[in-house]
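First up is the structure itself, then whatever we jot down about it.
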Amino acid sequence: MELETTEQRILDAAEELFYGRGIQSVGMDAIRTASGVPLKRLYQIFPSKDTLVEAYLKRRDARWLHDLARYVDAHDSPTQRILAVFDWLYRWFSEPDYRGCGFINSFGELGATSQAVADIAKAHKDAFRRYLADLVAAADAPARLTDQLVPLAEGAMTTAAISGSPEPARHAKDAARTLLRAAHADVVTAA
């Protein structure tokens with residue numbers, strides 16, 4: 001239990017610092033100070049900064065996908081669930097500490113030099129794409145709609161971070177609604 005609590009404190013501190021300042025600008029001393037865990041103990045749990053970065057990203061991935069699904073699943077119809085993805089993004093973008101997608105950010109910082117970070121970022125984006133594909137299939141929309149929705153969401157993440165506004169989520173939702181109508185019209189016309 002003590003190990004789990006200490007690990008959580010370290011990961012909480014790492015997440016706040018890595019997401020807020022960037023991975024490369026944060027040293028293990030800063031993690032030690034923010035977590036209150038002695039450096040020796042920190043290195044016993046995470047033998048290197050690389051292992052801490054990987055643990056941070058994996059935990060963020062699980063929580064992000066869980067939170068998204070919980071929000072989306074509260075909506076009734078399959079079409080509402082697709083549009084709810086963009087409502088969830090708006091809520092996320094509205095958080096005062098929003099700095100963009102942690103996976104895009106980490107890939108931008110370390111993707112060229114850390115295969116592990118590149119792999120975790122790619123796995124996260126693949127999982128998000130599969131999640132959207134499942135929503136599209138449940139809405140009886142053509143599979144190609146997934147390839148149209150993914151860049152809308154991803155672009156909204158980046159644009160919101162740079163602009164400091166959550167509005168890109170609303171713009172992406174409007175575009176998604178248009179794409180959904182067109183996709184359903186194509187299905188009706190083909191029948």
Side-chain angles (χ1 to χ4, degrees), residues 7-35 42-43 45-69 71-72 85-133 135 146-176 179:
E7 183 175 323
Q8 289 302 111
R9 284 181 25 219
I10 295 167
L11 285 169
D12 290 345
E15 180 160 6
E16 183 177 334
L17 293 170
F18 289 158
Y19 184 70
R21 295 187 199 167
I23 294 169
Q24 292 179 331
S25 69
V26 175
M28 294 298 267
D29 283 335
I31 303 292
R32 176 204 62 206
T33 301
S35 68
L42 193 153
Y43 277 113
I45 297 171
F46 296 102
S48 68
K49 184 176 175 183
D50 291 343
T51 59
L52 179 57
V53 169
E54 292 168 30
Y56 146 69
L57 289 171
K58 288 176 182 176
R59 183 176 86 155
R60 188 172 182 91
D61 170 65
R63 187 180 62 245
W64 193 91
L65 292 168
H66 171 78
D67 290 350
L68 172 64
Y71 182 86
V72 169
V85 168
F86 298 94
D87 293 334
W88 184 83
L89 290 174
Y90 184 89
R91 288 177 52 175
W92 179 36
F93 300 167
S94 297
E95 292 175 2
D97 65 343
Y98 179 73
R99 285 199 63 253
C101 172
F103 299 93
I104 293 171
N105 296 347
S106 65
F107 183 83
E109 277 193 79
L110 300 170
T113 59
S114 170
Q115 189 60 50
V117 168
D119 290 345
I120 292 168
K122 183 178 181 329
H124 172 76
K125 295 304 181 179
D126 288 346
F128 178 56
R129 186 191 184 291
R130 283 190 307 276
Y131 179 73
L132 283 176
L135 294 176
T146 301
D147 294 325
Q148 297 166 339
L149 295 174
V150 168
L152 284 177
E154 296 293 343
M157 289 176 206
T158 302
T159 304
I162 293 169
S163 70
S165 168
E167 290 305 311
R170 288 206 172 127
H171 301 307
K173 181 180 179 180
D174 290 343
L179 290 168

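Small disclaimer: the values here were computed from a predicted structure and weren't measured. Residue numbers count from 1 along this sequence.
Under the ring pair (Phe, Tyr, Trp, His ring centres under 6.0 Å) criterion, F107 pairs with no residue, sequence neighbours left out. With sequence neighbours excluded, the residues forming a side-chain hydrogen bond (donor to acceptor under 3.5 Å, both in side chains) with E154 are K125, listed by chain and number. Legend: residues meeting side-chain hydrogen bond (donor to acceptor under 3.5 Å, both in side chains) with K58, ordered by chain and number and at least two apart, are absent.
A distance-only check finds a donor-acceptor pair linking the side chain of Y19 to the backbone of R99 [under 3.5 Å]. Counting only distance, with no hydrogens or angles, the side chain of T159 and the backbone of A156 share no donor-acceptor pair below 3.5 Å. Put simply, the side chain of S114 never gets that close to the backbone of L110: no donor and acceptor are under 3.5 Å apart. Side-chain atoms of T158 do not come within 3.5 Å of backbone N or O of G155 as any donor-acceptor pair.
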For S106 and L57, run side chain to side chain contact (heavy atoms under 4.5 Å, CB included): C-alpha distance rounded to whole Å, both residues' side-chain angles, the deciding distance at 0.1 Å, then the answer.
-> CA-CA 9 Å; S106 65; L57 289 171; 3.7 Å; yes

Working for side chain to side chain contact (heavy atoms under 4.5 Å, CB included), residues V85 and L149 = CA-CA 10 Å; V85 168; L149 295 174; over 6 Å; no

Show the numbers, then the answer: is there a side chain to side chain contact (heavy atoms under 4.5 Å, CB included) between K173 and Y90?
-> CA-CA 9 Å; K173 181 180 179 180; Y90 184 89; over 6 Å; no

Please test L11 against L52 for side chain to side chain contact (heavy atoms under 4.5 Å, CB included), starting from the C-alpha separation and ending with a verdict.
-> CA-CA 8 Å; L11 285 169; L52 179 57; 3.9 Å; yes

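Here the two rings, on W64 and F128, have centers that are under 6.0 Å apart.
Relative ring orientation between F103 and H124 is described as parallel, the plane-to-plane angle staying below 30° on a 0-90° scale split at 30° and 60°.
The neighbour count for R21 CZ, taken as heavy atoms of other residues, nucleotides or ligands under 6.0 Å away, does not exceed 12. Within 6.0 Å of atom CD in E167, more than 12 heavy atoms from other residues, nucleotides or ligands are found, so the atom counts as buried in its surroundings.
Look at E54 and R59 and you find no salt bridge, because none of the NZ, NE, NH1 or NH2 atoms lies under 4.0 Å from a carboxylate O. Checked for salt-bridge contact, D29 and R32 meet the test: a charged N lies under 4.0 Å from a carboxylate O.
For the pair R170 and F86, the cation does not sit on the ring face, since its NZ or CZ is not both under 6.0 Å from the ring centre and inside 45° of the axis.
With contacts defined as side-chain heavy-atom distances shorter than 4.5 Å, the pair D87/V72 does not qualify.
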